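Below is one structure, written out as structure tokens; the observations come after it.
Lettering of chains follows the sequences in order, A, B, ..., and the numbering in each one begins at 1. Fair warning: this is a prediction, and the values are worked out from it, not measured in the lab.
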4 protein chains.
Amino acid sequence: MEFRISPASGLPIYQQLVEQVRSGVARGKLAADEKLPSVRELSQSLVINPNTVARAYTELERDGVLYTRPGMGVFVAAKSAPLTKKVRRERLLPLVDQLLVEAVEMGCSLAELSKLISERSTVFEWNGTSEPSNASGGKRK
Amino acid sequence: MEFRISPASGLPIYQQLVEQVRSGVARGKLAADEKLPSVRELSQSLVINPNTVARAYTELERDGVLYTRPGMGVFVAAKSAPLTKKVRRERLLPLVDQLLVEAVEMGCSLAELSKLISERSTVFEWNGTSEPSNASGGKRK
Amino acid sequence: MEFRISPASGLPIYQQLVEQVRSGVARGKLAADEKLPSVRELSQSLVINPNTVARAYTELERDGVLYTRPGMGVFVAAKSAPLTKKVRRERLLPLVDQLLVEAVEMGCSLAELSKLISERSTVFEWNGTSEPSNASGGKRK
Amino acid sequence: MEFRISPASGLPIYQQLVEQVRSGVARGKLAADEKLPSVRELSQSLVINPNTVARAYTELERDGVLYTRPGMGVFVAAKSAPLTKKVRRERLLPLVDQLLVEAVEMGCSLAELSKLISERSTVFEWNGTSEPSNASGGKRK
DNA sequence: GTGGTCTAGACCACA
DNA sequence: GTGGTCTAGACCACC
């Protein structure tokens, strides 16, 4: 998997990396136990400081997304046990609300938003009840 | 409308204010041309630095959410002309993707996410043509 | 509250700080919303690099022990909602086992260990069923 | 006795081995003068570097847990003379405190912790004079 | 070779 | 004044 950073994005570099790894895992582009590029390697190819890469990796490890094999490198962790439904709701709510506020603000209709979500959702690796709802689509054949 | 700030949220205070105003407008709690509390009033009632309030208002004015009538105060702007569909997509995409990544990461099914969005969407003031789709709910009459 | 670091301890400096803050909170020496020494302040008094202090604070913030008020400093967070009993068990088990292994290894009797635990437990701020068991004592009058 | 290593544990491999041997001895799964697998055998069965196994054995020998009979292999040492009570206290204290801090931090009550310790303690081979106290259980006959 | 820790010093955002 | 980010470069532990 390739990593890219855009200095103009406003987001700190290490966070851009964090997001890309998370996103890669969620999309199935990064499989469990797959090795990530080494800190030195990635820092050279992106022309950034090794510490910056290390920070991203460290943060991802603390969140259980990656794990380190001392002396060997950094690897993708297996998916951990899913959280409670209640906890999921709590954590997702602010993101959902933020999205809805933005959508309403720019005059987007609910149907349009649903369609957008539906389109994007096909790229991800959903688990659980794989029956995609009509609303947000999913790759129904 | 009441404003609240939570010191422990981590977000800069001025951003908390910005978010609350935007959210208030999107939810219809703040009507067009409604007057907002003055910088001095708000800074006193929240016990924060007036500069902080001013910064929030400035930013909101720059984005066309508020307008200032010199000597009279700050007011809620009427909704500006909706952006083109393409621009909406571009701006919404990162938020949608972020939401989907988080949802997948915590083992949420697509159906569960759709239901959550559907529930929250009833609070907002959607515009445009769309009858809210069955899927994502909305306040059907 | 005073902080101390011992270079000979083997533990990284930032972890020593992390432990001391956690311990201070658990002992009630650090009250909720109390301000901690600033990064620069603490780094000067301990004669260590500001980054090292910052790292400790950052880690504690990610764990919900501290929170940052941008521009104002770092503060002690209020206790968050307690975890499930099951989760508590899971997290405590390795520590308990490690303790028991060490104790057995050095020829400590179970009674002696219990007494030691009992003694130390009086310093902490327990919550929940405050009825201290005979085994581990507590400050019964 | 079987050895297992988990690459994702974060702990260096040689330490995982050290811990397992120590734990095995404390639990009575490894008897005095029992022979351990050779460096070569173990490194092959675990698919790890022989140096890593050697390091673990060396460390355990240094601590008097194992002894080497040149040409014959590595064996479990008999329990050495117990340390003085004072030394035991000094070495156990940090572990005890760490455990208590964690327990308090996650809202565990003292009774709950005592119960947990009591349960786990039955697996170990306690020595010394002590009838296990009622409080912390142990395998009463 | 791998990552982890620490130092030094710069620059920016927030209040 | 506060903390947050990034760079540069050093040293150590692990395999």
Side-chain angles (χ1 to χ4, degrees), chain A residues 5 7 10-18 35-43 46-62 66-75, chain B residues 5 7 10-17 43 46-56 59, chain C residues 5 7 10-18 35-43 46-62 66-75, chain D residues 5 7 10-17 43 46-56 59:
Chain A
I5 58 170
L11 274 178
I13 298 177
Y14 82 95
Q15 275 193 20
Q16 296 183 37
L17 292 178
V18 166
K35 187 177 182 303
L36 290 179
S38 81
V39 169
R40 288 165 174 83
E41 211 178 318
L42 191 51
S43 70
L46 296 178
V47 198
I48 58 179
N49 192 290
N51 285 331
T52 306
V53 178
R55 176 163 184 185
Y57 281 1
T58 305
E59 199 147 306
L60 287 161
E61 185 174 9
R62 298 193 73 261
L66 303 181
Y67 66 92
T68 300
R69 287 175 54 183
M72 303 294 310
V74 180
F75 301 79
Chain B
I5 58 171
L11 276 176
I13 297 179
Y14 85 95
Q15 274 192 21
Q16 296 185 37
L17 293 178
S43 68
L46 295 178
V47 196
I48 58 180
N49 193 311
N51 291 330
T52 307
V53 179
R55 173 160 184 185
E59 194 149 308
Chain C
I5 58 171
L11 273 177
I13 298 178
Y14 82 94
Q15 275 193 20
Q16 296 184 36
L17 292 178
V18 166
K35 187 177 182 304
L36 290 179
S38 83
V39 169
R40 288 166 175 82
E41 210 178 318
L42 191 51
S43 70
L46 296 179
V47 197
I48 58 179
N49 191 290
N51 285 332
T52 306
V53 177
R55 175 163 184 186
Y57 280 1
T58 304
E59 199 146 305
L60 286 161
E61 184 174 11
R62 296 193 73 261
L66 304 180
Y67 66 92
T68 299
R69 287 174 56 184
M72 304 295 308
V74 180
F75 300 80
Chain D
I5 58 170
L11 276 176
I13 297 179
Y14 85 94
Q15 273 192 22
Q16 295 185 37
L17 293 178
S43 68
L46 295 178
V47 198
I48 59 179
N49 194 309
N51 292 329
T52 307
V53 179
R55 173 161 185 186
E59 194 150 308

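- Rounding to the nearest 0.5 Å places CD of E59(C) at 7.0 Å from CD of Q15(C).
- Taking atom CZ on R62(C) and atom P on dG4(F), their separation rounds to 12 Å, with Å as the unit.
- Summarising the geometry, the separation between NZ on K35(A) and P on dG1(E) is reported as 13 Å, rounded to the nearest angstrom.
- The distance from atom OH of Y14(D) to atom CG of N49(D), rounded to the nearest 0.5 Å, is 14.5 Å.
- Using a 4.0 Å heavy-atom distance criterion, I48(D) is classed as making no nucleic acid contact.
- For N49(C) and dA8(E), a side-chain-to-base donor-acceptor distance below 3.5 Å is present, hydrogens and geometry of angles not being considered.
- Mapping V47(A) and L36(C) onto DNA chain F via the closest heavy atom, the residue that lands nearer the 5' end is L36(C).
- Separating the CZ atom of R69(A) from the P atom of dG4(E) is a distance of 14 Å, rounded to the nearest angstrom.
- Between the CD1 atom in I5(D) and the CZ atom in R69(A) there is a gap of 7.5 Å [rounded to 0.5 Å].
- For the pair E61(C) CD and dG4(F) P, the computed distance is 6 Å after rounding to whole Å.
- Closest-nucleotide positions on DNA chain E for P37(A) and L11(C) were compared, and the one nearer the 5' end corresponds to P37(A).
- The distance from the OG1 atom of T58(A) to the CG atom of N51(A) is 9.5 Å, given to the nearest 0.5 Å.
- A distance of 11.5 Å separates CD1 of I48(D) from CE of M72(A), quoted to the nearest 0.5 Å.
- For R40(C), counting side-chain heavy atoms from C-beta on, the closest listed nucleotide (dT5(F), dA15(E), dT2(F)) is dT2(F).
- Rounded to whole angstrom, the span from the CD1 atom of I13(D) across to the P atom of dA13(F) amounts to 18 Å.
- The Y14(D) side chain lies nearest to dC14(F) when the options are dC14(F), dG4(E), dT2(F).
- Distance from the side chain of V39(C) is smallest to dG3(F) among dT5(F), dC14(F), dG3(F).
- Residue T52(B) places no side-chain N or O under 4.0 Å from the OP1 or OP2 atom of dC14(E).
- If you check distances only, the side chain of N51(C) never reaches the base of dG4(F) with a donor-acceptor pair under 3.5 Å.
- Atom-to-atom, CD of Q16(A) to C1' of dG4(F) comes out at 15 Å; the value is rounded to the nearest Å.
- Atom CD in E59(A) sits roughly 17 Å away from atom P in dG3(E) (whole-Å rounding).
- The nearest whole Å value for the distance from the CZ atom in F75(C) to the C1' atom in dG3(F) is 11 Å.
- Listed candidates were dC14(E), dC14(F), dG4(E). Nearest to the side chain of Q15(D) is dC14(F).
- Contact check, T68(A) against dG3(E): no side-chain N or O comes under 4.0 Å of OP1 or OP2.
- As judged by a 4.0 angstrom heavy-atom cut-off over every strand, R55(B) is placed among residues touching the sugar-phosphate backbone only.
- As the counterpart of dC11(E), dG4(F) is assigned, both hydrogen-bonding distances of the Watson-Crick or G-U wobble pattern falling under 3.5 Å.
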- Going through the distances and angles, do L46(B) and L17(B) end up as a side chain to side chain contact (heavy atoms under 4.5 Å, CB included)? CA-CA 11 Å; L46(B) 295 178; L17(B) 293 178; 3.8 Å; yes
